[in-house]
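Encoded as structure tokens, the structure appears first; notes follow it.
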Amino acid sequence: MIALADCNNFYASCERAFNPKLRNKPIVVLSNNDGCVIARSSEAKKYIPMGAPAFKYKNEFKRYEINVYSANFTLYGDISGRVMRIMHSYVQDMEIYSIDEAFLNLKGFRQPVDHCKKMRAEVLKATGVPVSIGIAPTKTLAKLCNHYAKDHKETGGVFKWSDLEDKEGYLKQLPVEEIWNVGRRSTVKLNINGIYNAYQLMNANESWIRNEFSITGLRTISELKEIPCFKLEQNGDPRKGITSSRSFGRAVTDLTNLEEAVATYISRAWEKLMEQKSACSHVYVSIVTNRHKDTPQYYNSITIPLTISTWYLPELIDAALKGLRQIYKKGYSYKKATTMLLGIYQRGDVNLSLIEPDYDFKRINSLMNAIEKINKKDGSESIKYASTGIKQIWREKKEMKSPRYTTSWNELLTVN
DNA sequence: TCTGGGGTCCTAGGACCC
DNA sequence: TCTGGGGTCCTAGGACCC
């Protein structure tokens with residue numbers, strides 16, 4: 001038996017947890033740069049669609065007195081950690097699937113619903129975040145039960161597949177696009193072939209599904225039939241690629257500013273590389289103009305191999321800038337840069353290069369550890385490389401950010 | 001005129017997720 | 001004026017090997 005626990009309107013719930021005035025009030029949270037809506041409280045869902053560009057909905061924000069926040073990922077990440085720790089104290093085995101979701105292994109529990117209700121109550125009390133829980137034999141069905149729990153108040157936030165009386169009826173009224181791993185593309189293809197609901201999908205021809213939707217499609221229909229195909233994954237595996245990308249606060253045309261941004265993004269990616277104690281062998285850079293604008297468009301990317309797998313930041317920045325200069329073209333207004341660290345290895349597995357026998361891993365390691373430590377203590381970018389720039393005119397805008405209540409001494413909640 | 005069979009690794013692109 | 005960011009997995013095709 002597997003449970004999927006999913007925080008309700010997570011980012012909005014985080015904002016609300018520290019601000020009682022927001023209770024029962026509509027809230028939306030905006031993406032970086034205050035670009036589009038990435039979370040809505042239930043009160044806001046009526047008025048604002050998911051992903052809505054913020055500037056197009058200024059009037060609605062005002063008219064319905066919606067509380068608008070810039071994303072505060074430091075806060076959300078910290079709250080997520082607290083929620084996950086509590087849930088982990090209720091089960092041995094758990095897979096953190098995203099910032100606000102986890103699959104729990106409920107094997108062996110006699111009263112899984114009661115157990116989850118207890119867990120749910122503790123999470124709510126300790127963090128203020130409401131969680132919905134779906135329990136089923138497979139991940140796909142647990143996802144569906146989770147939706148069911150969210151949509152039906154009388155469940156108390158916890159719902160089990162085997163308690164559903166008319167399963168066939170339920171699946172027949174469930175559009176295929178609501179099934180986990182059935183996205184936009186597949187929905188169109190399924191609809192063209194006369195498959196509209198979960199029941200039809202479950203009974204579709206398996207070899208046709210295999211051909212059209214690959215092994216993932218086949219697994220999905222098995223999971224609907226209560227045959228588990230997606231296992232509980234182990235957390236803690238190092239990431240296979242680390243991305244840092246950001247839109248600019250304003251368009252950037254000159255190379256110097258792009259260089260600052262790329263050096264800054266690489267530094268962010270390097271922080272994550274350090275956290276998982278890895279080395280990387282390739283650095284990727286791309287730059288792109290604003291596709292929403294009626295101006296000349298340009299996109300290019302490049303992957304630079306490093307002579308030796310490393311976690312030495314100056315070398316990563318160096319490679320990225322080298323790549324950037326190769327793809328940069330004058331005369332365009334750039335909107336966004338993306339950087340990635342690829343070819344990620346655990347440091348123990350790194351081959352000591354025969355080409356550079358003098359590479360001093362000991363020295364760079366202590367230097368990198370020192371920078372990491374200081375930045376952890378005194379804040380990111382306390383120590384940084386000069387190539388990341390001082391003025392940073394390309395920085396994103398965040399005009400409506402809430403305080404980092406739980407991770408910054410200067411921003412603690414004040415109680416009067 | 002004739003031109004195998006079986007395998008691995010890498011990459012790009014597509015689709016999906018939150 | 002203003003339209004997010006960070007991941008995973010699968011597949012097909014090319015390069016290369018014996």
Side-chain angles (χ1 to χ4, degrees), chain A residues 4-11 28-39 48-59 61 68 70-73 76-77 80 95-103 139-140 143 146 176-190 209-220 229-231 233 235 237-251 265 268-269 271-273 276 281-282 284 286 288-295 301-303 305 333 335-344 396-400:
Chain A
L4 173 70
D6 188 326
C7 301
N8 300 356
N9 320 318
F10 181 56
Y11 299 161
V28 299
V29 177
L30 305 182
S31 64
N32 275 320
N33 254 325
D34 297 336
C36 52
V37 174
I38 54 171
I48 311 293
M50 192 61 173
F55 75 94
K56 281 192 184 166
Y57 284 84
K58 283 235 161 94
N59 289 336
F61 293 162
V68 181
S70 304
N72 187 346
F73 290 109
Y76 310 151
S80 168
E95 172 194 345
I96 296 175
Y97 179 66
S98 76
I99 192 164
D100 71 334
E101 278 177 73
F103 288 105
K139 281 184 163 181
T140 303
K143 274 267 182 189
N146 182 278
V176 282
E177 59 265 37
E178 301 203 4
I179 298 166
W180 188 44
N181 283 318
V182 179
R184 246 188 26 243
R185 296 290 179 135
S186 306
T187 300
V188 171
K189 217 195 277 180
L190 287 167
I209 292 285
R210 176 70 181 83
N211 270 333
E212 297 293 321
F213 303 95
S214 86
I215 188 76
T216 315
L218 201 53
R219 285 180 179 146
T220 296
C229 294
F230 299 115
K231 286 202 196 75
E233 305 283 338
N235 285 121
D237 286 1
R239 266 181 288 235
K240 290 163 185 161
I242 297 174
T243 308
S244 175
S245 92
R246 219 47 48 110
S247 300
F248 306 133
R250 55 158 116 161
Y265 297 177
R268 274 190 205 132
E271 281 180 7
K272 296 182 204 161
L273 189 74
Q276 62 174 52
S281 65
H282 291 74
Y284 165 98
S286 81
V288 64
T289 50
N290 190 343
R291 67 195 160 90
H292 297 292
K293 272 198 166 166
D294 197 18
T295 50
S301 69
I302 190 168
T303 303
S333 285
K335 181 60 187 160
K336 178 178 174 178
T338 299
T339 63
M340 285 168 95
L341 305 179
L342 302 165
I344 298 206
E396 70 268 26
K397 283 179 290 191
K398 282 197 170 183
E399 285 165 356
M400 293 154 287

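Because only heavy atoms are used, hydrogens play no part in the values below, and waters and symmetry mates are left out as well, while side chains stay in. Proteins come first, then strands; the chains are lettered A, B, ... in the order of their sequence lines, and each starts at number 1.
- Nucleic acid contact class of A:K189 (heavy atoms, under 4.0 Å, all strands): none.
- Using cut-offs of 30° and 60° on the angle between ring planes, the pair A:Y76 and A:F73 is perpendicular.
- Each of A:H292 and A:R239 has a nearest nucleotide on DNA chain C; the 5'-most of these lies closest to A:H292.
- A:D34 comes within 4.0 angstrom of nothing in the nucleic acid, heavy atoms only.
- Summary of the strand contacts: A:I242 and A:R219 both lie near DNA chain C, and taking for each the nucleotide with the nearest heavy atom, the more 5' one is attributed to A:I242.
- Looking at heavy-atom distances under 4.0 Å, A:R268 makes no contact with the nucleic acid at all.
- Taking the 5' to 3' direction, DNA chain B first and last meets chain A under 4.0 angstrom from a heavy atom at B:dA15 to B:dC18.
- Taking the six-membered ring where tryptophan is involved, the planes of A:F103 and A:W180 are tilted, since the angle between them lies from 30° to 60°.
- Contact annotation for A:K397: no contact, since no heavy-atom pair falls under 4.0 Å across all strands.
- If you check C:dC17 for Watson-Crick or wobble pairing at under 3.5 angstrom, you find it paired to B:dG6.
- Looking at heavy-atom distances under 4.0 Å, A:G51 makes no contact with the nucleic acid at all.
- Using a 4.0 Å heavy-atom distance criterion, A:S244 is classed as a sugar-phosphate-only contact.
- Between A:I209 and A:L218, the shortest heavy-atom contact is CG2-N, 3.7 Å.
- Residue A:F73 is out of contact with every strand shown, counting any heavy-atom pair closer than 4.0 Å.
- In this structure, A:K272 reaches the sugar-phosphate backbone alone: every heavy-atom distance under 4.0 Å involves primed, P, OP1 or OP2 atoms, never a base.
- Within 4.0 Å of A:I179, counting heavy atoms only, lie sugar-phosphate atoms of the nucleic acid but no base atom.
- Using a 4.0 Å heavy-atom cutoff across all strands shown, A:S186 reaches sugar-phosphate atoms only and no base atom.
- When atom types are taken as modelled, the side chain of A:K398 and the backbone of A:N33 share no donor-acceptor pair closer than 3.5 angstrom.
- Using a 4.0 Å heavy-atom distance criterion, A:K398 is classed as making no nucleic acid contact.
- No engagement by A:R250 is indicated, since no non-hydrogen atom pair under 4.0 Å with the nucleic acid exists.
- Using a 4.0 Å heavy-atom distance criterion, A:N33 is classed as making no nucleic acid contact.
- Summarising the geometry of A:E396 relative to A:S247, their closest heavy-atom pair is CB-O, 4.3 Å, with the distance given to 0.1 Å.
- Counting heavy atoms of neighbouring residues, nucleotides and ligands inside a 6.0 Å radius, atom CZ of A:R268 exceeds 12 of them.
- Put simply, the side chain of A:N181 never gets that close to the backbone of A:T220: no donor and acceptor are under 3.5 Å apart.
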